[in-house]
2 protein chains.
Amino acid sequence: MATTMQQRMLDAMLPSDLAVPPERWQQQKSTRTRLRLVEAAIDCLVEQGYAGLTTQQVAERTGSSRGAMHHHFATRMDLAAAVVEHVFYQRMRSFLDDYLRSVTGAKDTSLLAVGAAAHWRSLQTREYAAYIELSVAARTDPELDKVFAPAAQRYDEVWISEMIESFPQWEARWNTFKLVNDFVNAAHTGLLLNRPVVGEARVAQVLKLVTRVVDMLHAETLLDPAMAE
Amino acid sequence: MATTMQQRMLDAMLPSDLAVPPERWQQQKSTRTRLRLVEAAIDCLVEQGYAGLTTQQVAERTGSSRGAMHHHFATRMDLAAAVVEHVFYQRMRSFLDDYLRSVTGAKDTSLLAVGAAAHWRSLQTREYAAYIELSVAARTDPELDKVFAPAAQRYDEVWISEMIESFPQWEARWNTFKLVNDFVNAAHTGLLLNRPVVGEARVAQVLKLVTRVVDMLHAETLLDPAMAE
DNA sequence: ATGAAAACAGGCACTGTTGCCGGTTTCTTT
DNA sequence: AAAGAAACCGGCAACAGTGCCTGTTTTCAT
């Protein structure tokens, strides 16, 4: 079931570029440099922010020319769009890798805590740093938002539908399960943003609290806000 | 006590510019256009992000020339620094205004919930939107970070020290109180960031849960993670 | 009132970035 | 093998943004 779930989710998030494995050498070369460009773009994003995602920087990092770059991505926004797809795909991939590796042999009662821990680790990746940059930039850049918002929406929907299929034991308390997801996601996201200010020690404290809350929601110790009224 | 606290915190966060009320008309004029420039810069920040915070945009918005702009802020970073100070000050100000207004007549047991609600509202301001932009930009812009990080640190310290003085009844469980602060802050921050994707309904659900957790920490229903080992 | 100083205006040179285009090399097809 | 296509290269004009600099007007001190 595990690998099935992973495959389904990854397929749903797969950028169209990589959908079909290339056969011709030319296409292979093409997708390879395409990927190199996107990876370089992510580096730019992480190191210098969305404003630092410049065509010549990216071209320079890959070693290729700006002309090649233009061949694959006509405009800067085309590149950004590809980066968006790639980042969402990798985000789900890295979480699933971690979660499915962690979950082997874990008891059902602690699945949520394991998931929360894996989720927190998935935010420590350079892909997520790039995601943050894109997410914030999309708020003030309508062009980017036109690409980003649908991808984010799709990511959210795929996540939810897969959770429904993969955790049928939660069916009776599905609202609570969704709430846990949103809660952990929000808390971890905010924690990551505030980390530079509050420091590691306080981050660890809050993380423990979040996990505790998750466990209590699982044990129904906390009244279910989704049920209450 | 309330107004005393407000005054102390605001004084501690006050940008040096506004520390002494101007007497000369020239200084009055100066600080006035200075403020107009900073406000225009915030508008730029909110509408177009940190990359859109350009000297000519700001000058154009205020109606004055780029020369005038250069007179007050020699470089773009000088303006950004002033914006940072202003934003932190306003952030604390708007929270205190809201909190002290809400707290009148509230029972002691619900003070935390009232504070959490006020905190959430204080994130819905355009100043906080500007703060987000600066916060994220500072991660990849060392120059900006050199200004931003100390300000953020100072904000955090002022906040903590004032909480210590203003809520002596929490002295015995001070670690828990600090944890509540960090927890609410993280959850609300993350919630704000994820709002465009998850939508208002789910945001409201998580908000309810956060408040519930705060209440339980107050009632010692949740084991204190700060105490546990 | 008058010189000094501060607030303000507008222009100039410089840099970096974008989109595009003509030309070259490498691969594919037939 | 030869034509055609796809990958790749380097340069061009256009433009926006920054910092600085020279003036001009307004306010202050004496």
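In what follows, every heavy atom counts, from backbone to side chain, and hydrogens, waters and symmetry copies are set aside. Here the structure is a predicted model, which is why all the values come from computation and not from measurement.
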Report task. Could you check how far CG of B:Leu53 sits from C1' of D:dT18, rounded to whole Å? Result -> 13 Å
**Report entry** Closest to the A:Gln56 side chain, choosing from C:dT26, D:dT18, C:dT17
**Finding:** C:dT17
Report task. Using the ring of B:Tyr50 (Phe, Tyr or Trp, six-membered ring only), decide whether A:Arg139 places NZ or CZ under 6.0 Å from its centre and within 45 degrees of its axis. Result -> no
Requested in this report: Using atom CZ of A:Arg32 as one end and atom C1' of D:dA6 as the other, report the distance to the nearest whole Å.
Outcome: 15 Å
Query - Atom-to-atom span, CD of B:Glu143 to C1' of D:dG19 - whole angstrom - result: 14 Å
Query raised in the report: Does B:Ser64 have a side-chain nitrogen or oxygen under 4.0 Å from the phosphate oxygens OP1 or OP2 of C:dC8?
Result: no
Requested in this report: Kindly say if A:Thr33 contacts the phosphate of D:dC8, meaning a side-chain N or O under 4.0 Å from OP1 or OP2.
Outcome: yes
Query raised in the report: How far apart are the C-alpha atoms of B:Phe88 and B:Phe148, what are their side-chain angles, what is the distance that settles it, and do they pass the ring pair (Phe, Tyr, Trp, His ring centres under 6.0 Å) test?
Result: CA-CA 10 Å; B:Phe88 273 108; B:Phe148 184 85; 5.4 Å; yes
Report task. Determine whether any donor atom in the side chain of A:Arg66 lies under 3.5 Å from an acceptor atom in the base of C:dG19, or the reverse, and answer yes or no. Result -> yes
Requested in this report: Take the protein atom CZ of A:Phe73 and the nucleotide atom P of D:dA6, then report the distance between them rounded to whole Å.
Outcome: 17 Å
Requested in this report: State whether B:Thr55 places a side-chain N or O below 4.0 Å from either non-bridging phosphate oxygen (OP1 or OP2) of D:dT18.
Outcome: yes
Query raised in the report: When you measure from the side chain of A:Arg36 to the backbone N and O of A:Thr62, does any donor-acceptor pair fall under 3.5 Å?
Result: yes
Query raised in the report: Choosing from D:dC8, C:dC20, D:dC21, which nucleotide comes nearest the side chain of A:His70?
Result: C:dC20
Query raised in the report: Expressed in angstrom and rounded to an integer, what is the separation of B:Leu35 atom CG from C:dA7 atom P?
Result: 15 Å
**Report entry** Between P of D:dA16 and CD of B:Gln57, the distance in whole Å
**Finding:** 11 Å
**Report entry** Gap between atoms CZ and P, on B:Arg76 and D:dA16 respectively (whole Å)
**Finding:** 17 Å
Requested in this report: Would you kindly give the CG-to-P distance between A:Asp78 and C:dG19, to the nearest whole Å?
Outcome: 9 Å
**Report entry** Nucleotide of D:dC20, D:dT18, C:dA6 approaching B:His71 most closely (side-chain heavy atoms)
**Finding:** C:dA6
Report summary line: DNA chain C nearest-nucleotide lookup for A:Thr75 and B:His72: closer to the 5′ end is B:His72
Query raised in the report: Does OP1 or OP2 of C:dG16 have a side-chain N or O of A:Thr54 closer than 4.0 Å?
Result: no
Query - Contact nearer the 5' end of DNA chain C, comparing A:Ala51 with A:Gly67 - result: A:Ala51
Query raised in the report: Please walk me through it: do A:Ser102 and A:Arg121 pass side chain to side chain donor-acceptor pair (under 3.5 Å)?
Result: CA-CA 11 Å; A:Ser102 309; A:Arg121 280 192 296 273; 3.3 Å; yes
Requested in this report: Answer yes or no: is there a donor N or O on one side and an acceptor on the other, between the side chain of B:Asp78 and the main chain of B:Thr75, under 3.5 Å?
Outcome: yes
